[in-house]
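Remember, predicted model here, so these are calculated numbers, not experimental data.
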Amino acid sequence: MFRIKDMAMPAKVMVTGGAGFIGSHLAEALLRQGIQLTIVDSLDDFYSPSKKLSNLEAVRRQGEFQFFQKDIRDYESMRRIFSATQPDVVIHLAARAGELVARDHTLALAPDVDDDRVASDLHDDASDDFSFAA
Ligand SMILES: NC(=O)c1ccc[n+]([C@@H]2O[C@H](COP(=O)([O-])OP(=O)(O)OC[C@H]3O[C@@H](n4cnc5c(N)ncnc54)[C@H](O)[C@@H]3O)[C@@H](O)[C@H]2O)c1
């Protein structure tokens with residue numbers, strides 16, 4: 001079985017969207033493998049925030065982690081979080097996934113956010129690796 005521990009091991013991982021379906025399961029797996037974990041999630045109301053809080057409780061049962069309720073489009077907050085947590089790897093799962101959003105891009109992105117710039121600046125600043133989901 002593939003284990004993250006088999007890789008040249010990042011000690012500190014940030015998961016954006018870590019309160020969501022995939023992110024929270026990933027977060028549980030990372031904690032079980034002894035990773036120092038930071039989660040950034042806005043707990044948006046695209047679907048029930050209480051479901052996301054319950055996901056976070058399940059993550060907490062696996063171990064301690066740092067949680068920041070922030071919108072990843074808040075560039076200055078993200079800079080501060082990167083500076084404070086210094087992740088080796090970022091796994092970027094924050095999204096409003098689904099067909100509805102795909103049809104209306106105004107729901108997904110603020111007009112003045114340049115995703116590529118955010119990713120490349122944060123990568124340069126603090127992180128050795130940056131993984132995107134589809
Ligand atoms: N669920 C699947 O079957 C599936 C399959 C393939 C790919 N994916 C991709 O994986 C990613 C995560 O999917 P999921 O099913 O876990 O979705 P999800 O909606 O359960 O989780 C996404 C999380 O991102 C957070 N979020 C949204 N916008 C944010 C923002 N601006 N700042 C901070 N947090 C924000 C939400 O609060 C939520 O907790 C998406 O990119 C999705 O397209 C999902």
Side-chain angles (χ1 to χ4, degrees):
M1 186 181 83
F2 172 78
R3 288 166 57 86
I4 293 174
K5 270 195 168 162
D6 297 334
M7 301 168 63
M9 203 38 212
K12 295 191 275 185
V13 175
M14 173 186 288
V15 178
T16 72
F21 174 68
I22 293 180
S24 62
H25 284 91
L26 172 67
E28 291 178 39
L30 291 171
L31 286 176
R32 282 195 295 270
Q33 295 190 33
I35 298 289
Q36 197 173 319
L37 178 67
T38 300
I39 290 178
V40 181
D41 197 301
S42 61
L43 304 181
D44 76 8
D45 60 0
F46 187 53
Y47 66 86
S48 164
S50 65
K51 172 62 185 153
K52 297 171 186 180
L53 287 170
S54 140
N55 289 343
L56 288 176
E57 281 168 25
V59 177
R60 185 77 67 192
R61 286 195 285 276
Q62 300 299 324
E64 291 302 312
F65 62 95
Q66 284 190 277
F67 174 63
F68 297 89
Q69 185 176 352
K70 288 289 175 194
D71 190 316
I72 59 163
R73 297 169 297 181
D74 177 349
Y75 192 77
E76 289 310 317
S77 289
M78 290 303 289
R79 271 199 179 284
R80 280 194 291 277
I81 293 167
F82 266 75
S83 174
T85 60
Q86 296 283 313
D88 301 306
V89 170
V90 177
I91 303 176
H92 177 39
L93 294 167
R96 300 179 77 179
E99 194 184 353
L100 173 69
V101 174
R103 284 195 198 132
D104 181 358
H105 293 281
T106 58
L107 285 174
L109 286 175
D112 59 345
V113 170
D114 177 342
D115 262 5
D116 291 337
R117 176 185 161 230
V118 171
S120 72
D121 282 5
L122 294 180
H123 175 277
D124 289 347
D125 273 5
S127 179
D128 290 341
D129 211 344
F130 205 105
S131 301
F132 284 89

Inset, instruction - Indicate the atoms forming the closest heavy-atom contact of Thr38 with Ile81, along with that distance. - result: CG2-CG2, 4.4 Å

Legend entry - Heavy-atom donor-acceptor pair, Asn55 side chain to Ser24 backbone, under 3.5 Å: no

Legend entry - Shortest non-hydrogen contact from Ile91 toward Val89: CG1-CG1, 4.0 Å

Legend entry - Close side-chain approach of Thr85 and Lys12, heavy atoms under 4.5 Å: no

Inset, instruction - Scan residues 17-26 for pairs that pass salt bridge (charged side-chain N to carboxylate O under 4.0 Å, His left out), counting only residues two or more places apart or in two chains. - result: none

Which atom pairs, one a donor and one an acceptor, fall under 3.5 Å between side chains of residues 63-72 and the rest of the protein, sequence neighbours left out?
{"from": "Glu64", "atom 1": "OE1", "to": "Arg60", "atom 2": "NH1", "distance (Å)": "3.3"}
{"from": "Gln69", "atom 1": "NE2", "to": "Ser42", "atom 2": "O", "distance (Å)": "3.3"}
{"from": "Asp71", "atom 1": "OD1", "to": "Arg73", "atom 2": "N", "distance (Å)": "2.8"}
{"from": "Asp71", "atom 1": "OD1", "to": "Arg73", "atom 2": "NE", "distance (Å)": "3.0"}
{"from": "Asp71", "atom 1": "OD2", "to": "Arg73", "atom 2": "NE", "distance (Å)": "3.3"}
{"from": "Asp71", "atom 1": "OD2", "to": "Arg73", "atom 2": "NH2", "distance (Å)": "2.7"}

Inset, instruction - Only counting residues at least two apart or in another chain, list the ones meeting side-chain hydrogen bond (donor to acceptor under 3.5 Å, both in side chains) with Thr16. - result: His92

Inset, instruction - Can you sort out the partners of Phe21 under ring-ring contact (aromatic ring centres under 6.0 Å, His included), two or more places apart, ordered by chain and number? - result: His25

Legend entry - Asp41 and Leu56, any side-chain heavy atoms less than 4.5 Å apart: no

Legend entry - Contacts of type side chain to side chain contact (heavy atoms under 4.5 Å, CB included), residue Ala58, not counting sequence neighbours: Glu28, Arg61

Legend entry - From OG (Ser50) to CG (Asp45), nearest 0.5 Å: 11.5 Å

Legend entry - Spacing of Leu93 atom CG and Leu26 atom CG [to the nearest 0.5 Å]: 6.5 Å

Legend entry - Any donor-acceptor N/O pair, Gln33 side chain to Leu30 backbone, under 3.5 Å: no

Legend entry - Shortest non-hydrogen separation from Tyr47 to Gly20 and the atoms involved: OH-CA, 3.8 Å

Inset, instruction - Please list all pairs passing the salt bridge (charged side-chain N to carboxylate O under 4.0 Å, His left out) test where one or both residues lie in residues 46-57, with sequence neighbours left out. - result: Asp44-Lys52

Legend entry - Euclidean distance, Met14 CE relative to Leu37 CG, rounded to 0.5 Å: 9.5 Å

